[in-house]
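It should be emphasised that the depicted structure is a prediction, and the values quoted were computed from it without experimental measurement. Protein chains get the first letters and strands the later ones, always in sequence-line order, with residue 1 at the start of each.
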Amino acid sequence: MGKSALRIEKTGPTQYDHPLMSDTTATPTGGRVPEKPALEGLEAKWSPRWETEGVYRFDRNSPRDRVYAIDTPPPTVSGSLHVGHVFSYTHTDVIARYQRMCGKAVFYPMGWDDNGLPTERRVQNYYGVRCDPSLPFDPTFEPPDKPGKQAISVSRPNFIALCERLTVEDEKAFEALWRQLGLSVDWSMTYATISRASQRVSQQAFLNLLRKDRAYQLEAPTLWDIDFRTAVAQAELEDREQPGAYHKLQFSRSEAGDGGVIEIETTRPELLPACVALVAHPDDERYQPLFGTLVTTPLFKAPVPILAHPLASPDKGTGVAMICTFGDLTDVIWWRELSLPVRAIVLPNGTLRQVAWGGAGWESRDAASAQAAYDQLASLSLTKARARIVELLRASSEMVGEPRPITHAVKFYEKGDRPLEIITSRQWFIRTLPFREQLLERGRELQWHPPYMRARFENWVGGLNGDWCVSRQRFFGVPFPVWYRLDANGQPDYASPLLPDDAQLPMDPSTDVPAGYTAAQRGQANGFMGDPDIMDTWATSSLTPQIVSGWGVDPALFAQVFPMALRPQAHDIIRTWLFSTVLRAELEHDSLPWAHAAISGWVLDPDRKKMSKSKGNVVTPAGLLDEHGSDAVRYWAASGGPGVDTAFDPAQMKVGRRLAIKLLNASKFILAGDLPLEAAPRSLAGGQPVTSALDRGMLTNLAVLVADVTGALDDYDYAKALQRTEAFFWDFCDNYVELVKARRYGDAKVGGATVAEGQASAQAALRTALETLLRLFAPYLPFATEEVWSWWREGSVHHAAWPTPADVLAGLGGLPDSEAQRGYERAQTLSAEVRRQKAAQKVSQKTRVTTLRWAVPAEWITEVRAIEADAKGALHIDTIELTEGGNGEVTLTLEPPPEAPAGSPPDVPGRTPA
RNA sequence: GGGCGGUUAGCUCAGUGGUAGAGCCCCGGUUUUACACACCGGUUGUCGCAGGUUCGAACCCUGCACCGCCCACCA
């Protein structure tokens, strides 16, 4: 990656003040390195400064090929963020920070999903209100301080005002938490999915689809939540295990007239009045003779045919199923493919409607008794109707035995509390089925991290069984920008809706008036009416790339950032958000919305279950950040690799905290001291040569690390990059720093050519390493690294250039030194052996070694000589006697302790395997 | 029923053909002038099972088991 090109484009004081390449003068360190560095307070110190100095501002002048645009997930503003959010948003932030340091103009907005049911529900509970669209707007309405026992009914405009009031408060709290976590978001670019800008994009995109016949409306059986009283989409279903019971019912073989019966089993006896046919498998020999004949339903005596269809399973129940309109999705398929009539009995509120038996569509061989039975069910809820009809069936002896309890999977709306019903209603759909192949192709173009997540997308696309139902019978959302003419009888003409001009958007058909009409004609015969529905929240969320890119209002921005670079999200919403976003970009722009998708795993609780919201609320993210520090929590989050479900683990946060503290302390050591600053290089590239083998070996290792870590991050493997950097850093502290200490202090016994030269080499290497490590850690530990950076550098580490191996090797003449690398390794081996022998002898590590005999292979000699002085200084060795030809055995002669009892052996042999 | 992951030390996890690793935990030691939120040393394994390929397999192939997730079915 060409860093030097970036400098040419530098536009402001905070950009690329890269000491590796610029002539920035190191700031004198005197007094700026704290006596006792601490993590406490770093978040409060740096978050506001980053904001004031615009460190994360997007550069609108950047050319497109230098832009890295992130399509951030807008969290649902329905109360509180949980640990899972902290986890996945940290992943994105690490990538954003890395890209920024690589010289990219990072486009990193933050959105809030305040559109939709969760907000409605929260507003209802928070203020104790309920929306009643029939009420007029009350400009003086104020909610009570505390919600009362009885919900207050308010108009739709009043309700929406409350939604907006509450979400503004929630969004403030969310932003504060994100700032504390250190997300490098450009906070001048926030958006909300209910904002006018989002509504405009959403309505514009819808109208475009409508004009291209990629959206349509249809009266059709639709998945319906009776509590929310709205249609829901296939993507929003989930299965839940529910108790149920098989009821065995007897249908009489009326045409045969032999008094015979056919038995079926059903878990939904209350739908018996809606039965329109029985069905069995075409190959089922038991029923083949009966196909096409009529049977009579229990209680209602309706004549219904027995039909054949391959979806019927001979081995389920009695092999015959009752088809009702509609009990489940299979009923819908049978109804459609067998061209059956509709007998709808369930109202949108989940009660049974009134029916006149004997009338058209409600044929009965005994209308009077059918009516008598049905009247006992009408207006009951489904649950009550089930209990009642069981009593009736029992009384008429048309149920065999007692209901047999079972547990079975039932479809629920994912946010719902009662099973979904299927109700026929007029809904808007976006065509998806015709585009399945194209979508699969886009899925193959998209770069998935980790790659195997693509399978979930393909699985979902392959399993689609209908177009996308996007209309919802709710209040708080984006309205369909459509009116309908009313005919002379006041009936709407759905076939040719009235559309607004694009310039009118966003609009609300319940208050805006179509061209050529007056407000007074609303709802009047020969007048007009607005479409009463709103769009599914995903119908707007699927356009986040267009919303943030200024589609339709800011062509320059759109060209600069769309298609975007990255969609980060969790794997559970591949079928919803990722899928729908790819679909909308395909339908609108014939392109992918982004080049990469980075899929995060879940946070699991210690039982390996998905961390639930209730648990997330017990462990509040803010509390976590306060307790462990943001860098520590980020460390834990970043250690969960792409796509990997990760245990919630405070122990890992403690490890991260130790790492951040260690970084502060190691930095203090490297930067402090009474060395004149002139002894240190002003910048790495122009710095003094690194001459000592130990230093050269360490820096060569560091250059290898930089290449390794950069490769991992380019591959979105932030977890591996962190792990490698961390391992290097601890080794650097425990081995290199310990070995180099004496020389750096200017101990005359361990000088190289001269004491000053050895000292300068150490100082140059230490600072090069520190500078490099700070940059490598900056995406993960933004607070600690920024703090240290500020002790000795100008500007923000978060705009420092990502290091390259060449940067690190500048003091080595730009070339790796493999002999020095081996020397460094010998020094570590020797160090470990001396420590081990001292520990085994239970003497202090400070105990002087008067003589150390080291038998080394011939080829080691040069390497070992080069680090001999450093080893002597660090390990308290007076004399090292090298003998050639051994396998690396080390023999120590220890100085006897002053108070040692007479006769204790001074000579301690030891061995080291070569 | 289909698909995708996973199975390595007590725990959390690295490790894609060449002598099984890290951190945490545990045990012992050290207050050494960056850090006791530290350091040093030590203990710890049928790499889920069974076959196969290979000079050599935690790793590649086949089958199986178990765990998790996604999808489908749910009369």
Side-chain angles (χ1 to χ4, degrees), chain A residues 33 35-39 237-239 241-242 244 246-249 264-268 271 278-280 311-313 315-324 327-331 334 406-411 450 452-465 571-572 574-575 601-602 604 606 608-610 629 632 636 639-641 643-647 649 651-652 654-655 657-673 719-720 723-724 726-727 730 733-734 737-738 741 745 831-832 834-847 874 876:
Chain A
V33 179
E35 237 354 87
K36 182 89 181 160
L39 294 178
L237 303 187
E238 67 181 29
D239 287 350
E241 285 294 321
Q242 293 285 305
Y246 280 127
H247 303 70
K248 190 176 272 188
L249 308 187
I264 63 106
E265 285 198 303
T266 179
T267 56
R268 300 287 309 268
L271 294 181
L278 300 186
V279 65
L311 271 184
S313 308
D315 50 352
K316 276 183 192 162
T318 59
V320 191
M322 158 173 103
I323 304 176
C324 304
D328 61 29
L329 290 170
T330 320
D331 279 345
W334 283 326
I406 54 153
T407 305
H408 61 154
V410 179
K411 290 209 183 305
Y452 63 77
M453 284 294 177
R454 194 184 80 210
R456 303 215 180 188
F457 176 82
E458 296 190 336
N459 220 332
W460 176 252
V461 174
L464 286 172
N465 57 28
H571 55 63
D572 54 336
I574 288 174
R575 68 171 179 172
W602 281 341
L604 305 178
R608 307 298 300 171
K609 300 282 182 226
K610 186 189 177 187
W636 159 74
S639 65
V644 179
D645 292 347
T646 301
D649 189 359
Q652 278 300 103
K654 292 192 169 75
V655 172
R657 184 178 173 79
R658 293 198 312 133
L659 174 65
I661 290 170
K662 188 80 172 177
L663 187 59
L664 293 180
N665 283 315
S667 303
K668 176 189 160 192
F669 167 73
I670 291 168
L671 296 175
K720 182 196 272 183
Q723 186 232 317
R724 297 283 163 85
E726 183 194 12
W730 284 103
C733 289
D734 296 341
V737 170
E738 292 306 318
K741 241 176 198 176
Y745 277 131
S831 170
V834 171
R835 285 163 174 171
R836 194 188 62 76
Q837 291 192 25
K838 284 181 176 175
Q841 290 306 313
K842 296 199 183 298
V843 300
S844 159
Q845 294 292 331
K846 274 190 300 187
T847 306
H876 311 281

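Comparing A65(B) with A72(B), their C1' atoms sit 24 Å apart, to the nearest whole Å. Here, G56(B) and C70(B) have their C1' atoms 39 Å apart, quoted to the whole Å. The separation of G28(B) from G21(B), taken at their P atoms, amounts to 26 Å, rounded to a whole angstrom. Using atom P as the reference point in both U16(B) and G48(B), the two lie 15 Å apart (nearest Å). Taking atom C1' in both C11(B) and C4(B), one finds a spacing of 26 Å when rounded to whole Å. With P as the reference atom, C69(B) and C64(B) are 22 Å apart, rounded to whole Å. Rounded to a whole angstrom, the distance from the C1' atom of U12(B) to that of C49(B) is 24 Å. Atom name P, nucleotides G45(B) and C39(B): the rounded distance is 26 Å, in whole Å.
Under the ring pair (Phe, Tyr, Trp, His ring centres under 6.0 Å) criterion, His571(A) pairs with Trp602(A), sequence neighbours left out. Take Gln652(A) and apply the side-chain hydrogen bond (donor to acceptor under 3.5 Å, both in side chains) test, not counting sequence neighbours, and it matches no residue.
Among the protein residues, Arg658(A) comes within range of the sugar-phosphate backbone only, with heavy atoms under 4.0 Å from sugar or phosphate atoms but none that close to a base. Here Thr267(A) lies in heavy-atom contact (under 4.0 Å) with sugar-phosphate atoms only. Among the atoms of the strands shown, none is found under 4.0 Å from any heavy atom of Lys654(A). Ser313(A) comes within contact range of at least one nucleobase, with a heavy-atom separation under 4.0 Å. Backbone-only engagement by Asp734(A) is indicated by non-hydrogen atom pairs under 4.0 Å involving sugar-phosphate atoms exclusively. Here Ala312(A) lies in heavy-atom contact (under 4.0 Å) with a base. The residue Arg268(A) sits apart from the nucleic acid: no heavy atom pair falls under 4.0 Å. Backbone-only contact: Ala455(A) has heavy atoms under 4.0 Å from sugar-phosphate atoms and none from a base. Using a 4.0 Å heavy-atom cutoff across all strands shown, Leu271(A) reaches no nucleic acid atom at all. Base contact: Val737(A) has a heavy atom under 4.0 Å from a base atom. Contacts of Glu738(A) with the nucleic acid, taken as non-hydrogen atoms under 4.0 Å apart, include base atoms.
Set against U12(B), C35(B), C73(B), the side chain of Lys36(A) has C35(B) as its closest nucleotide. When the nucleotides C73(B), A36(B), A14(B) are ranked by their closest atom to the side chain of Gln723(A), A14(B) comes out on top. Among G15(B), C74(B), A72(B), the nucleotide with an atom closest to any side-chain atom of Lys720(A) is G15(B). In this structure, the nucleotide among C40(B), U12(B), C74(B) sitting nearest to the side chain of Thr330(A) is C74(B). Listed candidates were C74(B), C13(B), C71(B). Nearest to the side chain of Trp460(A) is C71(B). Ranking C35(B), G3(B), C24(B) by closeness to the Asn459(A) side chain, first place goes to G3(B). Comparing atom distances between the Val655(A) side chain and each of U12(B), C24(B), C71(B) picks out C24(B) as nearest.
Ile574(A) has its CD1 atom 10 Å from the P atom of C71(B), to the nearest Å. Leu464(A) has its CG atom 13 Å from the C1' atom of A72(B), to the nearest Å. To the nearest angstrom, C1' of C24(B) lies 17 Å from CZ of Arg657(A). Spacing between atom NZ of Lys662(A) and atom C1' of A36(B) amounts to 11 Å, rounded to whole angstrom units. Going from atom CH2 of Trp730(A) over to atom C1' of C35(B) covers 9 Å, rounded to whole Å. Regarding Tyr452(A), its OH atom lies at a distance of 14 Å from the P atom of C70(B), rounded to whole Å. Going from atom CG of Asp328(A) over to atom C1' of A72(B) covers 13 Å, rounded to whole Å. Following rounding to the nearest Å, Lys741(A) (NZ) and C35(B) (C1') show an atom-to-atom distance of 9 Å.
Pair assignment for U16(B) gives none, since no Watson-Crick or G-U wobble pairing has each distance under 3.5 Å. The nucleotide G63(B) finds its pairing partner in C49(B), both defining distances of the Watson-Crick or G-U wobble pair being shorter than 3.5 Å. The partner of U30(B) is A38(B), by the rule that a Watson-Crick or G-U pair needs both atom distances under 3.5 Å. Base pairing of C25(B): no nucleotide in any strand meets the Watson-Crick or G-U wobble criterion (both distances under 3.5 Å). Nucleotide G68(B) forms a pair with C4(B), judged by Watson-Crick or G-U wobble geometry with both contacts under 3.5 Å.
For the pair Val320(A) and Val279(A), the minimum side-chain heavy-atom distance is 4.5 Å or more. Using a 4.5 Å heavy-atom threshold, the side chains of Thr847(A) and His876(A) count as separate. Counting heavy atoms from C-beta on, the side chains of His408(A) and Thr267(A) come closer than 4.5 Å. Using a 4.5 Å heavy-atom threshold, the side chains of Leu278(A) and Ile264(A) count as touching. Contact check for Ile670(A) versus Ser667(A): no side-chain heavy atoms found under the 4.5 Å cut-off. Considering only heavy atoms from C-beta on, Leu604(A) stays 4.5 Å or farther from Thr646(A) through its side chain.
For C70(B), the base has no donor-acceptor partner in the side chain of Asp239(A) [N/O atoms by modelled type, under 3.5 angstrom].
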Please tabulate the protein-to-nucleotide N/O contacts below 3.5 Å involving nucleotides 25-29 of chain B, giving atom names and distances.
none

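Taking only side-chain nitrogens and oxygens, Arg456(A) never comes nearer than 4.0 Å to OP1 or OP2 of C71(B).
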**OP:** Evaluate the salt bridge (charged side-chain N to carboxylate O under 4.0 Å, His left out) criterion for residues Lys411(A) and Asp328(A): first the C-alpha distance (whole Å), next the side-chain angles of each, then the deciding distance (0.1 Å), finally the verdict.
**Re:** CA-CA 9 Å; Lys411(A) 290 209 183 305; Asp328(A) 61 29; over 6 Å; no
Subject >> Trace of the side-chain contact (heavy atoms from CB on, under 4.5 Å) decision for Thr330(A) with Leu311(A) >> reply: CA-CA 8 Å; Thr330(A) 320; Leu311(A) 271 184; 4.0 Å; yes
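Map Leu237(A) and Leu39(A) each onto its nearest nucleotide of RNA chain B; the residue landing nearer the 5' end is Leu39(A). Residues Met453(A) and Asp649(A) both approach RNA chain B. Their nearest nucleotides, taken by heavy-atom distance, put Met453(A) toward the 5′ side.
Between Gly640(A) and Ala719(A) the shortest heavy-atom distance is C-CB, 4.3 Å.
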